[in-house]
Amino acid sequence: MKPVMLRFNYEFSRVYKRGNFAIGKFLTVHCFKRYAGLKHNNTLIPTDINRLGFCANKKQLGAVERNKARRLLREAYRSLADCIPLGYDIVFTLRPSEELPTYHQVSEEMKKLLVKLHIFDSNTSIDKDS
């Protein structure tokens, strides 16, 4: 299933202002547990999905590198998606660094930060090769 993306500034702002965050070497993760009855354009947002945002630093990276960074973050999330409970808005931000981190670095740090935020179910097995 394709992830549902956060699109509007007020959605990102809600996650930043009301949610929790964890900071790592390569990533910053902000998460907000949606409550039942939250609306977008007078339409209820279902609680059985996670909505995601992926950000990269515009000042340090050009357009090609930002898109590559967002693809890297999306792929790392896809491998962990089955272990994350539903009903969250999550924003992953790539922190400024000299070079783009590898997939394995991003994936391991994403897992570590999600565990730190208590939204990662470590009992579920993760298939590393898929």
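The residues of the chain are indexed from 1 along the displayed sequence.
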Tracing side-chain links under 4.5 Å among I, L, V, M, F, W and Y, which residues wind up in one group with [X]?
{"X": "Leu86", "answer": "none"}
{"X": "Phe21", "answer": "Ile23"}
{"X": "Phe8", "answer": "Tyr10"}
{"X": "Phe32", "answer": "Leu6, Phe12, Val15, Tyr16, Tyr35, Leu38, Ile45, Val91"}

Would you give the length of the straight line joining atom [atom1] of [X] to atom [atom2] of [Y], rounded to the nearest 0.5 angstrom?
{"X": "Leu114", "Y": "Cys31", "atom1": "CG", "atom2": "SG", "result": "7.5 Å"}
{"X": "Leu117", "Y": "Lys112", "atom1": "CG", "atom2": "NZ", "result": "11.5 Å"}
{"X": "Thr28", "Y": "Glu109", "atom1": "OG1", "atom2": "CD", "result": "8.5 Å"}

| said: Is it the case that atom NZ in Lys68 sees more than 12 heavy atoms from other parts of the structure closer than 6.0 Å? | reply: no

| Of all residues at least two apart in sequence or in a different chain, which pass the salt bridge (charged side-chain N to carboxylate O under 4.0 Å, His left out) check with Arg66? |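 Arg66 satisfies salt bridge (charged side-chain N to carboxylate O under 4.0 Å, His left out) with no residue once adjacent residues are dropped.
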
| note | Taken in chain and number order and not counting sequence neighbours, the residues that satisfy salt bridge (charged side-chain N to carboxylate O under 4.0 Å, His left out) with Glu11 are Arg51

Grab the two heavy atoms, one from [X] and one from [Y], that are nearest each other, plus how far apart they are.
{"X": "Leu73", "Y": "Cys55", "result": "CD1-O, 3.9 Å"}
{"X": "Lys33", "Y": "Gly87", "result": "CD-O, 3.7 Å"}
{"X": "Ala69", "Y": "Ala56", "result": "CB-CB, 4.1 Å"}
{"X": "Ala22", "Y": "Lys116", "result": "CB-CD, 4.1 Å"}
{"X": "Ser79", "Y": "Ala76", "result": "OG-O, 2.8 Å"}

| How far apart are the C-alpha atoms of His30 and Asp89, what are their side-chain angles, what is the distance that settles it, and do they pass the side-chain contact (heavy atoms from CB on, under 4.5 Å) test? | CA-CA 8 Å; His30 293 263; Asp89 288 348; over 6 Å; no

| Which is it for Ile119 and Ile90 under the side-chain contact (heavy atoms from CB on, under 4.5 Å) test, yes or no, and what are the steps along the way? | CA-CA 10 Å; Ile119 63 169; Ile90 306 171; 4.1 Å; yes

Under 3.5 Å: donor-acceptor pair, side chain of [X], backbone of [Y]:
{"X": "Glu75", "Y": "Leu72", "result": "no"}
{"X": "Asn50", "Y": "Pro85", "result": "yes"}
{"X": "Ser13", "Y": "Asn9", "result": "yes"}

| request: Name all pairs fulfilling the ring pair (Phe, Tyr, Trp, His ring centres under 6.0 Å) condition that reach into residues 78-101, sequence neighbours left out, sorted by first residue then second. | output: Phe54-Phe92, Tyr77-Phe92

| said: Run the side-chain hydrogen bond (donor to acceptor under 3.5 Å, both in side chains) test against Asn67 and tell me which residues pass, sequence neighbours left out. | reply: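 Result, side-chain hydrogen bond (donor to acceptor under 3.5 Å, both in side chains) vs Asn67: Arg70.
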
| Under the side-chain hydrogen bond (donor to acceptor under 3.5 Å, both in side chains) test, which residues partner Thr102, sequence neighbours left out? |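 side-chain hydrogen bond (donor to acceptor under 3.5 Å, both in side chains) list for Thr102, sorted by chain: Gln105.
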
| request: Could you note down all residue pairs passing salt bridge (charged side-chain N to carboxylate O under 4.0 Å, His left out) where residues 15-25 supplies at least one of them, sequence neighbours left out? | output: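 Sorted pair list comes back empty.
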
Enumerate donor-acceptor pairs with a distance under 3.5 Å from any side-chain N or O in residues 93-100 to protein atoms, sequence neighbours excluded.
residue: Arg95; atom: NE; partner: Gly24; partner atom: O; Å: 3.4
residue: Ser97; atom: OG; partner: Glu99; partner atom: O; Å: 2.8

| Residue pair Val4 / Leu52, side-chain heavy-atom distance below 4.5 Å | no

| field | For Phe26, all residues meeting ring-ring contact (aromatic ring centres under 6.0 Å, His included), sequence neighbours excluded | value |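 Once residues adjacent in sequence are excluded, Phe26 has no partner under the ring-ring contact (aromatic ring centres under 6.0 Å, His included) criterion.
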
